[in-house]
Colleague: 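Before anything else, here's the structure in question.
Just so you know, these numbers use all the heavy atoms, side chains as well, and skip hydrogens, waters and symmetry mates.
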Number of protein chains: 2
Amino acid sequence: MPLAGERDARHRTKQEFAYQTLRDAIMRCELRPGERLVIDDLARRLQVSTIPVREAIQMLQSEGLVVTVPHTGVTVAPVSPESVQDVFAVLEGLEVVASRLVAERASPRELESLATLVADMDREVSAKRYAQWAALNTRFHLTISTLAGLPMLREMTERVLARWDRVRRYFFSGVLVHRVKRAQQEHRTILTAMRDCDLPTLETAVRQHNRRALESYMNFLKSSKARPEPAATDVDAAPAAAAARSQSHAPPHPRRPAPSARPRRRNTRLRSAGPR
Amino acid sequence: MPLAGERDARHRTKQEFAYQTLRDAIMRCELRPGERLVIDDLARRLQVSTIPVREAIQMLQSEGLVVTVPHTGVTVAPVSPESVQDVFAVLEGLEVVASRLVAERASPRELESLATLVADMDREVSAKRYAQWAALNTRFHLTISTLAGLPMLREMTERVLARWDRVRRYFFSGVLVHRVKRAQQEHRTILTAMRDCDLPTLETAVRQHNRRALESYMNFLKSSKARPEPAATDVDAAPAAAAARSQSHAPPHPRRPAPSARPRRRNTRLRSAGPR
DNA sequence: GGTGGGGAATATATGATATATCGCTATGCG
DNA sequence: CGCATAGCGATATATCATATATTCCCCACC
């Protein structure tokens, strides 16, 4: 299977194409965390040579989306429950700074664009299109970091948000519906404080927004309703997660594939644990 | 010139070797901001083929140390005065969060390692070895982010600190001596607040530390004593910057080299078009 | 005679392919 | 139970083909 991904005009080079396609697949958890990636396979599936693939892999690696072990192989980076805390810690730090900068130097016009986003999100909530809400939510936070006017700040925020997107899809295959309305309120509080340039309130609001999100998601995780789910459609992840609970429980992927169909000796190990 | 960089045991692969060497050279501003990098050249100078170099370039790109324009070329990322603000904004955000986490969960033993670093820095200050002080300073801040226990937080901090290192060397070819003592005091304040787990004080201290640094460096920049200097030795950048102000004013690097002084063919024949 | 646009030449990035080497891992044998 | 070894795929090299942006020349035009 060609790993979906037509080469459209967006991709000026095959390397970009490979990068985008792989990144998308990883984000969507279509390539599941822990899964082993074989460069030659990917090259075949993407219909390009290995060079663009290798370059793409390097980029993904320094974004932390894949892990490579020299001479051994590449695997999709795992997603751990702790990464939820990690994400929100970083995000809190960056956003406290970014939002302050926005309050101080954004034009009314720019603040308006944020307000528009919040309004759009409201619409999606009413329509129960939670996946779209999540996309706009990401854009909202991204916009704040952009308006702050500092390229590195924005870039780092972008990266964290991307990781969050992946974690969110993996553990929650969508979004916590009961969290959405509260989040919208918090967005409005943030917006108001920005307009008023009320920095103390703004800081508190941003912090709370992040902490409450963290809290919600962690609680959900602990309640163990979380489901490490394969490729979730997300596009309409809302309806109470009816999706077939696929049995596919890929065991923690080995670094090397079993030496293929060679006269397999029977119980072999690599079962790290198997002590019976 | 082989671009210095022996392949020692640290480099498990040539790709790692290329990456480390190039990164070092860029950090040291030996490869100057804006400078054009030609893959084939680099491969020759590093004594490897183009593939490891290309992979290294991809990694450097996603770290923002080089800029590539498709089909055109790679240049060392420029360093702007604004990036000073950028760095300290991000750092402030990350460190406020990190230091709080450290205060909350670090063991006395771990706090001790921070205290040791501060003491070591004191020694370097007395000895006027400011370059060493700067190295330890980076380590101090890195350690805080490590002790926070969140991998992504640490990784992002590492990246910002790396950028700062480069900016610092480029604009200030070392460190602002008059800032160092104050910085040490601030370090101690931070440390004390951590020990006492006095979060409000800690937050203020971390913020101030970053803002005062920003202020100092920005003032220095404005006073225009700053000197975009080629490869600074740094190893002993302290003594009042006697270093010869090299004339090397590389003009803003072109994307493509002029097609060189080629023996222009005069008899135009072979111009297919020569319709005449 | 100066000026601006079109087009060729060039250097280089990008991509493909074949081949060689190297390390890791699992296996087989003692 | 440990050591040698085979096989796989990652890593690396070399060579080639293609694509593209840049630059400069030339010439028509003003």
Colleague: Roughly how many Å is it from CD in A:Glu55 to P in C:dA16, rounded to a whole number?
Modeller: 11 Å
Colleague: Using whole Å, what does the distance between atom C1' of nucleotide C:dT14 and atom CD of A:Gln58 come to?
Modeller: 17 Å
Colleague: Expressed as a whole number of angstroms, how long is the span from B:Leu42:CG to C:dT14:P?
Modeller: 13 Å
Colleague: Strictly below 4.0 Å: does B:Arg36 bring a side-chain N or O up to OP1 or OP2 of D:dA21?
Modeller: no
Colleague: Run the side chain to side chain donor-acceptor pair (under 3.5 Å) test against B:Glu55 and tell me which residues pass, sequence neighbours left out.
Modeller: A:Arg54
Colleague: Round to the nearest Å and state the distance from B:Phe17 atom CZ to D:dA12 atom P.
Modeller: 11 Å
Colleague: Could you list the protein-to-nucleotides 13-16 of chain D atom pairs, N/O on both sides, closer than 3.5 Å?
Modeller:
from, atom 1, to, atom 2, distance (Å)
D:dT13, OP1, B:Lys14, NZ, 3.0
D:dT13, OP2, B:Ser49, N, 2.7
D:dT13, OP2, B:Ser49, OG, 2.6

Colleague: Both B:Thr68 and A:Pro70 contact DNA chain C. Which one's nearest nucleotide lies toward the 5' end?
Modeller: B:Thr68
Colleague: Can you tell me if A:Arg44 touches the phosphate of C:dT17, counting only side-chain N or O atoms and a distance under 4.0 Å to OP1 or OP2?
Modeller: no
Colleague: In a check of side chain to side chain contact (heavy atoms under 4.5 Å, CB included) between B:Leu37 and each of B:Val76, B:Val67, B:Leu22, which one passes?
Modeller: B:Val76
Colleague: Less than 4.0 angstrom from a charged side-chain N to a carboxylate O is my criterion; do B:Arg163 and A:Glu155 meet it?
Modeller: yes
Colleague: Return the nearest nucleotide to the side chain of B:Arg54; candidates are D:dA10, D:dA21, C:dG15.
Modeller: C:dG15
Colleague: Classify B:Ile57 by what it touches in the nucleic acid, base, sugar-phosphate, or nothing, heavy-atom distance under 4.0 Å.
Modeller: nothing
Colleague: Counting side-chain heavy atoms from C-beta on, which of D:dA12, C:dA13, C:dG15 comes nearest to B:Gln15?
Modeller: D:dA12
Colleague: Tell me the interatomic distance from B:Glu16, atom CD, to C:dC22, atom P, rounded to whole angstroms.
Modeller: 17 Å
Colleague: Show every salt bridge (Lys or Arg N to Asp or Glu O under 4.0 Å) that has at least one partner inside residues 56-75 of chain A, sequence neighbours left out.
Modeller: A:Arg23-A:Glu63
Colleague: Round to a whole Å and report the spacing from CD1 of A:Ile39 to C1' of C:dC22.
Modeller: 16 Å
Colleague: Whole-Å distance between D:dT20 C1' and B:His71 NE2?
Modeller: 6 Å
